[in-house]
Novice: 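The structure under discussion is supplied below as structure tokens; questions concerning it will follow.
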Amino acid sequence: MIINHPLLGPRDASEFTYLGDASLIDRPDWQSETAAQDFYEYQYLRDNPAGLHQELWFHESGDRSWLVVTRNTLTHEITDVQLARDVARARGRSK
Amino acid sequence: MTQQNRISGGQIDTSQTLKFTFDGKQYTGHPGDTLASALLANGVRLMGRSFKYHRPRGVLSAGSEEPNALVELRGGARQEPNTRATTVELYNGLLANSQNRLGSLKFDLLAINDRLSNFLTAGFYYKTFMWPAAFWEKLYEPIIRKAAGLGSLSLKEDPDVYDKGFLHCDVLIIGAGPAGLAAALTAGRSGASVILADEDFRMGGRLNSETFTIGDASGADWAAATVAELASLPNVRLMSRTTVIGAFDHGIYGAVERNNDHVATPDEGKPRQTLWRIYSKQAVVCAGALERPIGFENNDRPGIMLASAMRSYANRWAVAADKRVAIFTNNDDGHRAAADLHAKGVKISAVVDTRADAPRNNDYEVLVGAQVIDTKGRLGLTFADVRLADGSERTLECGALGMSGGWNPNVHMTCHQRGRPVWNDDLAAFVPGADLPAGMTVAGAANGDFSTAGAMASGVIGAKSALKAIGLKAKTTKLPQAEDAPINISAFWYVKEGKGRAWLDQQNDVTVKDVKLSHQEGFRSVEHLKRYTTLGMATDQGKTSNMGGLAIMAELAGKTIPEVGTTIFRPPYTPTAIGVLAGRARGQEFHPKRLTPSHHWAKEQGAVFVEVGNWLRAQWFPQKGETHWRQSVDREVIATRKSVGVCDVTTLGKIDVQGADAAEFLNKIYCNGFAKLAVGKTRYGLMLREDGIAMDDGTAARMAEDHFVVTTTTANALGVYRHMEFVRQCLFPDMDVQLISTTEAWAQFAVAGPNSRRLLQKIVDPEYDISNEAFPFMACGNITICGGLRARLFRISFSGELAYEIAVPTRYGDALMRRIMEEGAEFDVVPYGTEALGVMRIEKGHATGNELNGTTTALNLGMGRMVSKKKDSIGSILSEREGLNTDDVLMQVGIKPVDPSKPVPAGAHLMNLTGPVDADHDQGYVTSACYSPILGHHIALGFVKGGGNRKGEKMRLVSPLTKVETEIEIVSAHFVDPEGERLRA
Amino acid sequence: MRYSGLRVIKEALTGHKGWTPAWRDPDPQSQYDYVIIGGGGHGLATAYYLAKEFGQKKIAVLEKGWIGGGNVGRNTTIIRSNYLLDGNEPFYEFSLKLWEGLEQDFNYNAMVSQRGILNLIHTDAQRDAFIRRGNAMFLNGADAELLTTRQIKERYPFLNTNDARFPIKGGLAQHRGGTVRHDAVAWGYARGADSRGVDIIQNCEVTGFRRENGKVVGVETSRGYIGAGKVGCAVAGSSSRLMSKVDMRLPMESHVLQAFVSEGLKPVMPGVVTFGAGHFYCSQSDKGGLVFGGDIDGYNTYAQRGNLPVVEDVCEGGMAIFPAFGRARLLRMWGGVMDMSMDGSPIIDRTHIDGLYFNGGWCYGGFKATPASGFCFAHLLAKDTPHPTAKAYRFDRFEKGLMIDEKGMGAQPNLH
Amino acid sequence: MHSLSPITALGGQTPKITTIGSINVSEIDSLALASIATRKGGKTVTEKVLKSMIGSVPAVGKTCSKGSFSGFWMGPDQWMITAPLETHETIADDLVAAVVSKASVTEQTGAWAIFDISGAAMPDVCERLCAVPIREMNVGDVCRTSIHQLGCFVTPMNSGNTLRVVGPRASARSLYHAIEVAAKSVA
């Protein structure tokens, strides 16, 4: 597959390492009362859709950026690629 | 034997003669011949035996779709089973043997199966061989396996080498027939970067096999002229002998170039074949079409072939399939074989045409509305029986019969991403569907444009749409005039008359009768038909048989052909050598080797090396007189604990963590705290996965307020770095922290033992005080050594001894190791390897990969209290789950044999002293074991249920796999220096 | 109608007119006691054992395509019970025992061939891990043997033991492991179930569940509504898609595992071999094709197809231990949709919804589990209590921290 | 001057230079390397240091040089600096001093092995080593890719006749072997 890296342009997906659903960015608050349940669902449950899927790829033999790729799991068509850092910030993550 | 079937013309070089042997007999051919054409030229029609019934078979086609003429090419280690004679370029001294026979090709004992074929119908083996049960492995299966299989491997190592490469282009054109050449001209002249690939060693496709003209030149000459123009364009790369094997995602294509299959042996260092990964923006598939046979009784005799193949042999290879030929066709294209061969003086017995309105000809007899109902000639066709339109019967004398059931567009590549072809009634064939892989257009016969003019025109259109899609403008390509006749097909799948042994899949011996049986027994989906009868599962993957099979199933099931549909087209387009898919990653180059800075020195010492991931590490350093590894390892351990030893520890992962929030970042990834670690101090860190299980451990040395050097285990270095980048970029994007790996930037050696300080004081420059007071346990700092070379020093100990780790830039690692050995001579310094390191860390009770095995928690490892509850860190919440904190949870313990002479092997399980020995009563297992020369007996680490309060308990260590059962005692994991006095000396 | 050698001879002599369809092609009835969703190996086996072992009636299997069209028709046909953990080994040993009697049980030659499986060892740590696993097998009543490199070389003389980058230092063998003709398993179970009255309904896709005050009472399908006392889902890679129709999120990702077959060759591979320092395992089918595979591609997909890098990685692994295979040709590559679970082990459990039962999470090890999965799922459906060997396969194990993680790779499906 | 003598990445006393057909493969052992990554709020200082040392701030996928110094883009806010080893073995310390904790600097000299592949057939060799579109790359481009499973930087030099490969030092021999073998099959 080809991932169109936002900085480096199209690169063979074999340069990347796949982690999983981009929901891994939304790590729960460790201090909420429902932390145990939140962390269980965060760590173990997945939508695993047959269709558009936001997922995390690491540019292992490239620039060591994490990317959030939006890909159709039926056709493998990729419709969007962003730096994970930007997505994380957009989802309110900071320090 | 002279080449009695040679006729005039053809694209072969008769000025040169090539000698070759087939089944031990010497023949001759010419450059430009294939093995198949050369055999036919010499009157050899019998070339193989079918898979199941071992019926005699001749060549059916002239290309890579060949099901029958499979040979074992070459000999010795280079033997290639199942090689299609139609794709082997003849070279001098070529050696080939027929295969899949018991006895000779003429007298194959296994042909007995053909006599019993009524008992051996499709799927018979599912209904028998069940009694008596044990007989399957002992009797039935061995017989079946011995009889099955086709060609055989030499089982010697493949002596050839293979390359892999990567190509980029704007437009990839697959197939260099009329459509492909026209497309390449259009794209090439526009300046786009173009790759034109064709599986044949001569570009031109059908143009080299037909006799019609293009403009005022012959088709073949036009092709040659076009190839010459393309070769002159720097932006066009011509790749003949190159099969595009598959269409993968996003315009990536796999292609195999046969660099040296047309010579006896490649030159030294030259690859036999190259696997190219081609990144294309657009692709135009011009893969042509494959002609279909017709089903009729005994339509598989040697000499019966596709009409188009008969024309190829006549026009391209100047070979008449036989002195006297007949044709059986349901379309106009079939007639061309008769016309071409007649023009070359070959006797045409007759053209049998199923259509009542078939075109007549005054050069040879055309029997309209007629069908071939049977043939004669076991080892080679002699006669064909014909049912005429009026019902009467005729017998034609012929040594070759050309069949033309129409053409199947080659939709293979268009369906590699699960798209399905669609049925076209006028062509009576499947054509590419709309749901094509990204960036792909289809042109020429592959798209159903069968005429030459039609193919060339659609080639230009295909290239234009590809250029348009990448924003390039195409100059108009003026095409010369070419034939444009329709083939006027009327679908005709099989002759209904006859006992029903009409062959569809000639290699797997699937007949029309088998399709009927499959329908009768409920295997009606086209996928069930394929799997139950093995139709289309042979080495040609049904290229000439699938269509007939599914058409007949549609008829039986009362469905339309599109309703039955096709099975799935899968890469590779044609079978591909496993060697080329492995490329250069063979033998010692399977994975790269990572060498430590002291590797060369260690080799000079005669060290024994061991693989640790991709690293090679010294395992022990045998000295003269030592014959068993235990002698070397015990010596290394004792010498280190008694005086001083040195070990290369560069392979441990080292990561530079800098920035204002470096400490805060370490607090997130380690379960224990780092915020308050003083500069110049080091701390052990345990890293959890988010599920609360231990992931890795190591040390973090605070070199400055905003600079830590973090170590990881050798095995997890890559994974830990990736995890840290995930935490940095995805979880805490605003933290001011920067990471970079420095594993290979610093050569690092452990210097351990009571004399380690004295030794290092001879190396560390005097202005740095490394006494215990100035440089206590867990200290770290920047120093210089040997007169000013920058270095780093850490007071960390894996062996449990007084120890330092000293690091210099990698270029000086070799020199530092030699200096340490020189300066340490007075202390009898010894190098110690990973084995001795393992013994010492077990004696000390330090966990490694065997203990941090991905299922153990901080609590299991006896470090439960380290998981800080005062701060957030990866894994701390889920580490609190009830299942991980039961009161009988596994705990790390030391294990000692009650009888000191007994071993306590790793991998053994632990049982209570009394009671049953089974999984339900399993109390734990042994993770690491060794002989401790210090204690004089074997010791081990392991996990035991509720191990924390079972110290002193006697238990049974059992290893039924290695027949070991011994009594052991649970002890503290810290066998040596439990209080850690040596560390703080 | 019973299949046997005599029957084959009789039919051959009478023009094969006596053969009847292996399974009927009935129209769906409006109500069943049990509806199994998924006509693959596990679904068909469940229906078979429900009828045969648990005497249940009014059972239907609903298959959206053609039976045996999913993973049971796309795997590398290996059976074994060389598992490590107590949550798994009893179950897989139970499955191997069912394999041993299967052909006589459902009167269909699935060519169960116990020719042995061999896991190669390349490091001391790997040896320790395989000794622990071999001992766990013994302690659960299975068989295992630790072989030396010399013993291995005798059985596989063309194994690379001279210049291997990762030398072979021994191997763990399970002689009762082996291969089975995968299509025949689906057809055998289908025929066995059909002959006991089970309705096997193909081209019938489940599009939704109908619930009455919470309880599932039937399924909406492409061939109309079908009522059910109990509904059992066994759809492997499509599990998340199906269960999302009752708003369930599963601890699972769907991945592609590619598999490969070579052109037919005279017999060379006596049994199954797995490479320990790369991704490669291989056996040889009775027809003579080398059937091999390796790692999953590693990204979520339902496309039942993979990409080139894994093909190269698998062939590199193959050449590392069998350098003679370079001359053989890869004939065909395909892919299934693996339901990769969060700890690499399956789930056979009730859901929190009354009347709805789930069987899935088989990763790439589902084929060897087919008989026991069917038996245990039938047990759960018929008796509402888990079979003893499958009691650990619960949904709540992740919440409770009772994961069954053979490889110790944690909550990342593509690492199992 | 300290009394330890270095060895090259291939383990020799002097860099290895060989010719295979028209291809020349030479080991480069004369460069000091250091990485520099901007810290929060350190953009202006870091860019000032880069401009003064290598003439400009290399853009994504670019390299630039000034005199005997050069630098290339490694990742977001991260660059590699190269300087002559003879005179600037302690380039890392100089950078640390210059950036005044506004950027993170890390010693890299020991981590890399450098090979220059030159000759008319260099692009053919490159096509057999890695997936970079060498025929579309110009001097001034740099790309990190994998060669024989090793993460390497590649950059065309001296008007496209040479390809500089910067790969992990511990695997220098494997990397060299891969280059040698590709050159042989092209020569």
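By convention in this document, chain letters (A, B, ...) are assigned in the order of the sequence lines, proteins followed by strands, and residues within each chain are numbered from 1.
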Novice: Testing the basics here: between Gln37(A) and Glu399(C), what is the closest heavy-atom pair and its distance to 0.1 Å?
Specialist: OE1-OE2, 3.0 Å
Novice: Can you tell me how far OG of Ser23(A) sits from CZ of Arg249(C), rounded to the nearest 0.5 angstrom?
Specialist: 6.5 Å
Novice: When you compare the side chain of Met342(C) with that of Gln43(A), does any pair of heavy atoms fall below 4.5 Å?
Specialist: no
Novice: Would one find more than 12 heavy atoms of other residues, nucleotides or ligands at under 6.0 Å from atom CZ of Arg394(C)?
Specialist: no
Novice: Quick one: what part of Asn414(C) sits under 4.5 Å from any heavy atom of chain A, side chain, backbone, both or neither?
Specialist: side chain
Novice: Of all heavy-atom pairs between Leu74(A) and Ala303(C), which one has the smallest distance, and what is that distance?
Specialist: O-CB, 3.3 Å
Novice: When heavy-atom pairs shorter than 4.5 Å are enumerated against chain A, which of Gly298(C), Pro309(C), Ser239(C) gives the highest number?
Specialist: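 With the most close heavy-atom pairs to chain A, the winner is Gly298(C).
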Novice: Tell me, side chain or backbone of Leu19(A) under 4.5 Å from chain C's heavy atoms, or both, or neither?
Specialist: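 When you check distances to chain C, atoms from both the backbone and side chain of Leu19(A) fall under 4.5 Å.
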Novice: At a heavy-atom separation under 4.5 Å, does Glu253(C) approach chain A through its side chain, its backbone, both, or neither?
Specialist: both
Novice: Tell me yes or no: between the side chains of Tyr40(A) and Asp396(C), is some donor less than 3.5 Å from an acceptor?
Specialist: no
Novice: Nearest 0.5 Å please: distance from the CG atom of Asn48(A) over to the CE atom of Met340(C).
Specialist: 11.5 Å
Novice: Using every non-hydrogen atom in the two residues, find where Tyr44(A) and Ala411(C) come nearest and quote the distance to one decimal.
Specialist: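 Looks like CE2-CB, 3.6 Å.
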Novice: Thr75(A) versus chain C, heavy atoms under 4.5 Å apart: side chain, backbone, both or neither?
Specialist: backbone
Novice: Measure distances from Met403(C) to the heavy atoms of chain A and classify the residue's part below 4.5 Å as side chain, backbone, both or neither.
Specialist: side chain
Novice: Go through the atoms of Ser244(C) and report whether side chain, backbone, both or neither lie under 4.5 Å from a heavy atom of chain A.
Specialist: neither
Novice: Hey, is CD on Glu33(A) packed in by over 12 heavy atoms from elsewhere, all under 6.0 Å?
Specialist: no
Novice: How long is the span from the OG1 atom in Thr301(C) to the CG atom in Asn72(A), to the nearest 0.5 Å?
Specialist: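 With rounding to 0.5 Å, OG1 (Thr301(C)) is 9.0 Å from CG (Asn72(A)).
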Novice: For Arg71(A) versus Tyr299(C), what's the shortest heavy-atom pair and its separation?
Specialist: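 Closest approach of Arg71(A) to Tyr299(C), heavy atoms only: NH2-CB, 3.7 Å.
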Novice: Does any backbone or side-chain atom of Tyr18(A) lie under 4.5 Å from a heavy atom of chain C? Answer side chain, backbone, both or neither.
Specialist: both
Novice: Which heavy atom of Met1(A) sits nearest a heavy atom of Asn307(C), and at what distance?
Specialist: CG-ND2, 3.4 Å
